[in-house]
Each structure stands twice: as structure tokens, then as C-alpha cells.
A.B. asks: 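Have a look at this one before I ask anything.
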Amino acid sequence: MTTAHASEVNTSGPNEFGYNNYALGNFSFRRDEYFAHVTWPTGSHTISIDDFLRALQRDCAWDFFYGTVNFDHVVGTINHYGNVDLFAGRFNAAFRKAEIDYLQNFETPVIRNTFHTMLDNWTNSTFDPFASPAETQAPWGNKSGSNTEAVTRRRVAAQRMVGVQGDEQIRSDATGHPINRMFEDVPQSEPEVHAEPGFESEIAAFNLFAYLSRSNVTWNPSVVSVCKESLYCPTTEEYILPIVHGNDRVEWFIQLSDEITWDVADRETGSPRAKVVMKAGDCAAMPADIRHQGFSSKRSMLLVWENNSADLPDLIASGKAPQYPVTF
Ligand code: PHB
Ligand code: FE
């Protein structure tokens, strides 16, 4: 395993389709009208450009997220919080058996710079990788313009709870957005707060459903409350989670509205393990040894609850913390 240090972006182009090519260690990336082509010393892989850009957008916006971000059954990243593995076939039983899987480690700024630059260069003006497929135009064709504003959107992250003093900007952000076409029936009334004198800055309440009804992105959890390491990350979901997440810790889902179906598979091999259908009010925990991908036919609201503790991956890997939240 080698670790690259230089954080300049290794790029060439434009190619015949107008896009730049990128090299990252021994990986190379090329885009044409329909596909992203990824090449490494022992193989190559092609991903539809809409899927690739949606996955790349999440990996960039979440700064490599918790654990593994599988773009699909072949390519993805593993976050080691300071450095990141880029892999091909690492979590694919057939690639492993044939010994053609490949993995290279990068200091986070190196892979971050390349991924952000590639996302910006490969996204045309009419495509928004964060939007549901019904709310954006197509990504196909030769390079035509860019959509930097969309691809550099910042994830909304509260320091305490939305509405508490210091986090008002998030409220005004939210109220600047129109109600999504699928959430027109969501009541917009706000709770009344009657604080005892002196506690006005300590107590707050807000209508989470109203807040989420105005989200213009899909599969992009925002952080609405922070209590020590406990992060409440609600999100609005439509179509397919663009990555297959292999978490390095247990995470909890509370289905706030409508319905999501989760395909759950073994984290190492990808062999299917369960199908979880979550209806409004359902709660589920995803264990730390699986990968999961959600499907939402109608835009729905989901609360993702993460334990942000930096100690968890080692505690779980060393067996000191369980991979399962409950033992029945
Ligand atoms: C997840 O991987 O757990 C996840 C990611 C993004 C979402 C929802 C769930 O919007
Ligand atoms: Fe997850």
C-alpha cells in the first residue's frame, strides 16, 4: 500500500468529449457522453455517468462519510479520517477470488481535491447530482457549461439544535426554499415556545416536517441537532440512494413519512442478506457489518441517527463494541 502526499490534481485534457481526464495514484478516470471509465493496474470498470456523478457528489459533500462509500459493486472509498482508500473490487467476492481487486491509500486532501475538481468538470450546466431524477435534466453528452453552484452546495449542519441561538441561519436558509411538490400536504405551522424569563436562548422548538418539506436535495442528510456525539441527520429521499453504504458503526433509521425499501447485503462480499421495508413510524438499526442501499418511490422523510464518536471504528474492529445494537 502506498500513500500519496502531493495534493495537486493530476489532470489532462480536454478529451474529445470536452472533459478533463484525471489520474489519482494508479487509478485513472475518463468521461465520455454516457459513462465514467475507471482504470487501475489490474482492471477497468464503466459506470453510467448519472450514477457516477450522484455517487461522487455524495462522497464529496460528506467528505468520504462514515466507513465505506460504494459507488456500485466495484468502485468506492473507505474513510480512515485523515486518509482515504480508493478501491476497485475490494468488497466484491468475485474480484477478491480472482485476486484482481485493487486498493490505494491517499491523504484526504489529495483525493478530495481530485474528486471535487472532477465533479465540477464533469457536471454540465443542466444536471444537478443532488436533485431527484424528476427534478433535474440529464447529464449526457459532450461538455456543456458547468453547475458549480449546485455541486459545491454546503451540507446544512447545526452546532446544537436548529432554532437555538447561534443556529438561526439554518432556519432562514430553510424558509428560503419552496415546499417540494411531493410535500404540499405537510402542515407548516410552527410550535409556540413559552420560555421562562432568562431561558429564552436555551429553549427552542421547530416543525421538522415543515423544515424537511422544503428540502431541494435528495439523499443528503443535514445535521439538525448535536448532543455530544449524537447527530440527528434527517433527509428527504426520492429514487435510489446513489451510494451503497458500508458503515463502520451501527446507525439508526426512523422513517418519518411514506416508505423506503432497504437492500441489505454483507459488507465484505455483497451477498444479499435482508430486505427491510420501512413505513412511516418504523425504526430500524443497520448493523456495522453490512452494506445498505435505499429505494424510495415517493419522496419521503427519513431520520438518520449517527453516533459520531471517533473511537467507534477501532472499538468495533477490536471487538470491544458490538456490531449489533441489540442482542435478541
Ligand atoms: C446511509 O447511508 O445510511 C444514508 C445516506 C444518505 C441518506 C440516507 C441514508 O440520505
Ligand atoms: Fe448508512
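Remember, predicted model here, so these are calculated numbers, not experimental data. Both ligands and their constituent atoms are indexed starting at 1 by order of listing. Start at 1 with the first residue, then count along the sequence.
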A.B. asks: State whether the side chain of Asn207 and the backbone N or O of Ser189 hold a donor-acceptor pair below 3.5 Å, judged by distance alone.
C.D. replies: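 Yes, the answer is positive, given that a donor and an acceptor are paired below the 3.5 Å cut-off.
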A.B. asks: Are the side chain of Glu149 and the backbone of Asn147 linked by a donor-acceptor contact shorter than 3.5 Å?
C.D. replies: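 No: the side chain of Glu149 does not pair with the backbone of Asn147.
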A.B. asks: Can you find an N or O of Glu251 that's nearer than 3.5 Å to an N or O of ligand 1?
C.D. replies: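 N/O-N/O distance below 3.5 Å exists for this pair.
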A.B. asks: Is ligand 1 less than 4.0 angstrom away from at least one heavy atom of Tyr66?
C.D. replies: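 Judged by the 4.0 Å heavy-atom criterion, Tyr66 does not count as contacting ligand 1.
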A.B. asks: As an exercise, identify every atom of ligand 1 less than 4.0 angstrom from a heavy atom of Val304.
C.D. replies: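 So the atoms of ligand 1 that pass are 8 (C), 9 (C).
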A.B. asks: Are the side chain of Arg31 and the backbone of Glu33 linked by a donor-acceptor contact shorter than 3.5 Å?
C.D. replies: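 Pair found, side chain donor or acceptor close to backbone of Glu33.
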A.B. asks: Which bit of Trp252 gets closer than 4.0 Å to ligand 1, counting heavy atoms only: side chain, backbone, both or neither?
C.D. replies: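 The answer is neither; Trp252 stays 4.0 Å or more away.
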A.B. asks: Have Thr148 and Asp120 got a donor and an acceptor in their side chains that come within less than 3.5 Å?
C.D. replies: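 Yes.
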A.B. asks: Does Tyr211 offer a backbone N or O that forms a donor-acceptor pair with the side chain of Ser215 under 3.5 Å?
C.D. replies: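 Answer holds: no.
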A.B. asks: For atom 2 (O) of ligand 1, which protein heavy atom lies nearest, and how many Å away is it?
C.D. replies: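 The protein heavy atom lying closest is His245 ND1, 2.9 Å.
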A.B. asks: Against heavy atoms of Trp262, which atoms of ligand 1 measure under 4.0 Å?
C.D. replies: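 Within the 4.0 Å cut-off of Trp262, ligand 1 contributes 9 (C).
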A.B. asks: Take a 6.0 Å sphere around OH of Tyr81 and say whether it holds more than 12 heavy atoms from other residues, nucleotides or ligands.
C.D. replies: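 Counting other residues, nucleotides and ligands, OH of Tyr81 exceeds 12 neighbours.
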A.B. asks: What N, O or S atom of Glu251 is found closest to the Fe ion (ligand 2)?
C.D. replies: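 It is OE2 of Glu251.
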A.B. asks: Would you mind listing which atoms of ligand 1 come within a distance below 4.0 Å of any non-hydrogen atom of His292?
C.D. replies: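 Checking each atom against His292, I get 1 (C), 2 (O), 3 (O).
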A.B. asks: If the cut-off is 4.0 Å to any non-hydrogen atom of Phe253, which atoms of ligand 1 fall inside it?
C.D. replies: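 Result: 3 (O).
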A.B. asks: So, are Glu135 and Arg299 salt-bridged, with charged N and O less than 4.0 Å apart?
C.D. replies: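 A salt bridge links Glu135 with Arg299.
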A.B. asks: Heavy-atom contact under 4.0 Å between Arg58 and ligand 1?
C.D. replies: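 No, Arg58 has no heavy atoms under 4.0 Å from ligand 1.
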A.B. asks: Of the protein's non-hydrogen atoms, which lies at the shortest distance from atom 10 (O) of ligand 1, and what is that distance?
C.D. replies: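 It is Glu237 OE2, 2.5 Å.
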A.B. asks: For atom 4 (C) of ligand 1, what's the nearest protein heavy-atom neighbour? Residue, atom name and distance, please.
C.D. replies: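 For atom 4 (C) of ligand 1, the nearest protein heavy atom is Leu241 CD2, 4.0 Å.
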A.B. asks: Looking at Lys298, I want to see if its NZ is surrounded by more than 12 non-hydrogen atoms of other residues, nucleotides or ligands under 6.0 Å.
C.D. replies: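 Yes - once you tally the heavy atoms of other residues, nucleotides and ligands closer than 6.0 Å, there are more than 12.
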A.B. asks: Are the charged groups of Arg160 and Glu202 less than 4.0 angstrom apart, N to O?
C.D. replies: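 A salt bridge is present here (some side-chain N lies under 4.0 Å from a carboxylate O).
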A.B. asks: Any idea which atoms of ligand 1 are less than 4.0 Å away from a heavy-atom of Pro221?
C.D. replies: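 Near Pro221, meaning under 4.0 Å from one of its heavy atoms, ligand 1 has 6 (C), 7 (C), 10 (O).
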A.B. asks: Check this for me - ligand 1, Glu306, N or O atoms closer than 3.5 angstrom, yes or no?
C.D. replies: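 Between Glu306 and ligand 1 (N or O atoms, distance only) the closest approach is not under 3.5 Å.
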A.B. asks: One residue to check: Trp305. Relative to ligand 1, which of side chain, backbone, both or neither has a non-hydrogen atom less than 4.0 Å away?
C.D. replies: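 Neither part.
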A.B. asks: Could you tell me which atoms of ligand 1, counted from 1 in the order shown, lie closer than 4.0 angstrom to a heavy atom of Asn220?
C.D. replies: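 Heavy-atom distances to Asn220 below 4.0 Å select 10 (O).
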A.B. asks: Is there a donor-acceptor pair under 3.5 Å between the side chain of Arg291 and the backbone N or O of Asn70?
C.D. replies: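 It does not hold such a pair.
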A.B. asks: Using atom types as modelled and distance alone, determine if a side-chain donor or acceptor of Gln293 lies under 3.5 Å from a backbone N or O of Leu241.
C.D. replies: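 Yes, Gln293 side chain to Leu241 backbone: donor-acceptor pair under 3.5 Å.
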A.B. asks: Other residues, nucleotides and ligands only: do more than 12 of their heavy atoms fall within 6.0 Å of CZ on Arg181?
C.D. replies: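 Result for CZ/Arg181: enclosed.
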A.B. asks: Ignoring angles and geometry beyond distance, decide whether Trp62 reaches within less than 3.5 Å of ligand 1 through its nitrogen or oxygen atoms.
C.D. replies: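 The answer is no, given that Trp62 and ligand 1 share no N or O pair closer than 3.5 Å.
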A.B. asks: Taking non-hydrogen atoms only, is Asn247 closer than 4.0 angstrom to ligand 1 via side chain, backbone, both or neither?
C.D. replies: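 Asn247 to ligand 1: no contact under 4.0 Å from either part.
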A.B. asks: Return the name of the atom in His245, of element N, O or S, nearest to the Fe ion (ligand 2).
C.D. replies: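 For His245, the N/O/S atom sitting closest to the Fe ion (ligand 2) is ND1.
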